[in-house]
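Notes follow once the structure below has been shown.
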Amino acid sequence: MSYGFNRSAGYSLLQTSVAVAIMAAAMAILIPRLDVLIDDSRRVQVQAVGAALQTSVFIVREQWRSKVGYRESTPFQLSLQGWPLGLRHDVASAFDDQVIDVERCVGLWKTLLEDDSPTLTTGDDPSADFRAGVVDNQCRYFHQASADARFIDYNTKDGQVSWHLN
């Protein structure tokens, strides 16, 4: 009966070094690819939110076109062409499409998308997905994770929703 140490058990220094080298090489390959995947996911998020906003705008307009009296039942003030201008309490009349403000853009976002995801801010809240603003008298929703390089525009005059994925 022998209670000595078995020298063949465990890994040698050479085996451990090779394993660490392989893991380091794998990390060197995967980390840059991870950055690309994160950037792609941010681009897809902007595109998906833009498409959802566009769909909601078209649904509101189609309901307006198909229903007599829809102007009275909707939470939106609609333009004479049926495009959402803003929430009723933010907009005076169907002719009030001249000056767009951030509060109107926030109201449109929250009501058209109908949930709190993705999140929206008007200030510098870094935890929000998007930040509302007004550019060229249109609502612009800047994607904060992309340093505002990607954004969604909504033009209340003609109902156009576009997204920019630089």
Side-chain angles (χ1 to χ4, degrees), residues 26-27 29-166:
M27 294 300 283
I29 293 168
L30 293 177
I31 287 177
R33 181 67 186 142
L34 185 61
D35 287 342
V36 170
L37 290 173
I38 290 170
D39 190 54
D40 287 348
S41 71
R42 290 175 177 159
R43 183 177 290 114
V44 167
Q45 181 187 24
V46 172
Q47 190 172 10
V49 172
L53 189 65
Q54 182 178 50
T55 300
S56 295
V57 167
F58 287 145
I59 287 171
V60 168
R61 181 148 194 272
E62 287 306 310
Q63 288 174 338
W64 169 81
R65 286 176 48 154
S66 65
K67 292 182 181 178
V68 176
Y70 182 70
R71 284 185 187 267
E72 291 75 31
S73 65
T74 180
F76 300 106
Q77 179 65 46
L78 302 174
S79 71
L80 296 175
Q81 295 79 30
W83 302 114
L85 295 173
L87 297 179
R88 286 192 179 276
H89 58 65
D90 292 336
V91 184
S93 72
F95 299 102
D96 187 13
D97 63 353
Q98 302 303 313
V99 179
I100 305 297
D101 60 9
V102 175
E103 290 77 24
R104 185 185 296 190
C105 295
V106 169
L108 281 165
W109 174 278
K110 289 185 175 185
T111 308
L112 287 167
L113 294 179
E114 294 185 354
D115 62 7
D116 293 331
S117 178
T119 55
L120 182 69
T121 185
T122 57
D124 294 330
D125 180 4
S127 67
D129 297 312
F130 288 85
R131 180 177 48 81
V134 176
V135 176
D136 296 330
N137 211 31
Q138 316 184 84
C139 293
R140 180 165 288 177
Y141 306 104
F142 297 96
H143 187 246
Q144 295 202 128
S146 64
D148 296 348
R150 296 185 182 103
F151 54 88
I152 302 166
D153 283 338
Y154 172 59
N155 188 334
T156 58
K157 293 182 192 305
D158 60 10
Q160 291 295 313
V161 176
S162 59
W163 44 92
H164 305 274
L165 305 174
N166 298 336

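All values below were derived from every heavy atom in this structure, side-chain atoms included, with hydrogens, water molecules and symmetry-related copies excluded.
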Next on the checklist: Would the distance check show the side chain of Q144 and the main-chain N or O of D125 forming a donor-acceptor pair, the cut-off being under 3.5 Å?
Outcome noted: yes
Checklist entry - Which value, rounded to the nearest 0.5 Å, describes the distance between D39 atom CG and R42 atom CZ? => result 7.0 Å
Next on the checklist: Any salt bridge linking R140 with D148? Criterion: basic side-chain nitrogen under 4.0 Å from a carboxylate oxygen.
Outcome noted: no
Next on the checklist: For a side chain to side chain contact (heavy atoms under 4.5 Å, CB included) check, start with the C-alpha distance between Y154 and T156, then their side-chain angles and the critical distance, and finish with the verdict.
Outcome noted: CA-CA 6 Å; Y154 172 59; T156 58; 3.4 Å; yes
Item to check | Nearest atoms (heavy-atom pairs only) where P84 meets L112 | outcome: CG-CD2, 4.4 Å
Checklist entry - So how far is it from D136 CG to I100 CD1, rounded to the nearest 0.5 Å? => result 12.0 Å
Next on the checklist: Working to the nearest 0.5 angstrom, can you tell me the gap between D129 CG and S146 OG?
Outcome noted: 11.0 Å
Item to check | Donor-acceptor contact present, side-chain N155 to main-chain K157, <3.5 Å | outcome: yes
Checklist entry - What are the two closest heavy atoms between F130 and Y141, and how far apart are they? => result CD2-O, 3.7 Å
Next on the checklist: Show the nearest heavy-atom pair for residues V57 and G159, with the distance to one decimal.
Outcome noted: CG1-O, 3.7 Å
Checklist entry - Mind checking whether R33 and V36 have side chains closer than 4.5 Å, heavy atoms only? => result yes
Item to check | Identified side chain to side chain donor-acceptor pair (under 3.5 Å) counterpart of H143 within the set Q45, H164, R43, R131 | outcome: Q45
Checklist entry - Of the non-hydrogen atoms in V106 and A132, which two are nearest, and what is the gap between them? => result CG2-CB, 3.9 Å
Next on the checklist: Please check if the number of heavy atoms outside D35 that lie under 6.0 Å from its CG is greater than 12.
Outcome noted: yes
Item to check | Heavy-atom pair with the smallest gap, counting every atom of A128 and T119 | outcome: CA-OG1, 3.1 Å
Checklist outcome for this item: Result for side-chain contact (heavy atoms from CB on, under 4.5 Å) between C139 and one of V161, L53, V102, L108 points to L108
Next on the checklist: Within the supplied structure, the quantity of interest is the number of heavy atoms (other residues, nucleotides, ligands) at a distance under 6.0 Å from D158 CG; does it exceed 12?
Outcome noted: yes
Checklist entry - Going by heavy atoms in the side chains, are W109 and P118 under 4.5 Å from each other? => result yes
Next on the checklist: Assess the residue pair V135 and D153 against the criterion (side chain to side chain contact (heavy atoms under 4.5 Å, CB included)); give the C-alpha distance rounded to whole Å, side-chain angles, the decisive distance to 0.1 Å, and a yes or no.
Outcome noted: CA-CA 9 Å; V135 176; D153 283 338; 5.6 Å; no
Checklist entry - Can you tell me how far CD of E103 sits from OG1 of T122, rounded to the nearest 0.5 angstrom? => result 7.0 Å
Checklist entry - Between atom CG of L87 and atom CG of L85, what is the distance when rounded to the nearest 0.5 Å? => result 11.0 Å
Checklist entry - Between F76 and W64, is a side chain to side chain contact (heavy atoms under 4.5 Å, CB included) present by the stated rule, with each step listed? => result CA-CA 11 Å; F76 300 106; W64 169 81; over 6 Å; no
Next on the checklist: Strictly distance-based, threshold 3.5 Å: is any side-chain N or O of R150 a donor or acceptor partner for the main-chain N or O of W163?
Outcome noted: no
Item to check | Taking every non-hydrogen atom, the tightest pair across C105 and G133 | outcome: SG-O, 4.0 Å
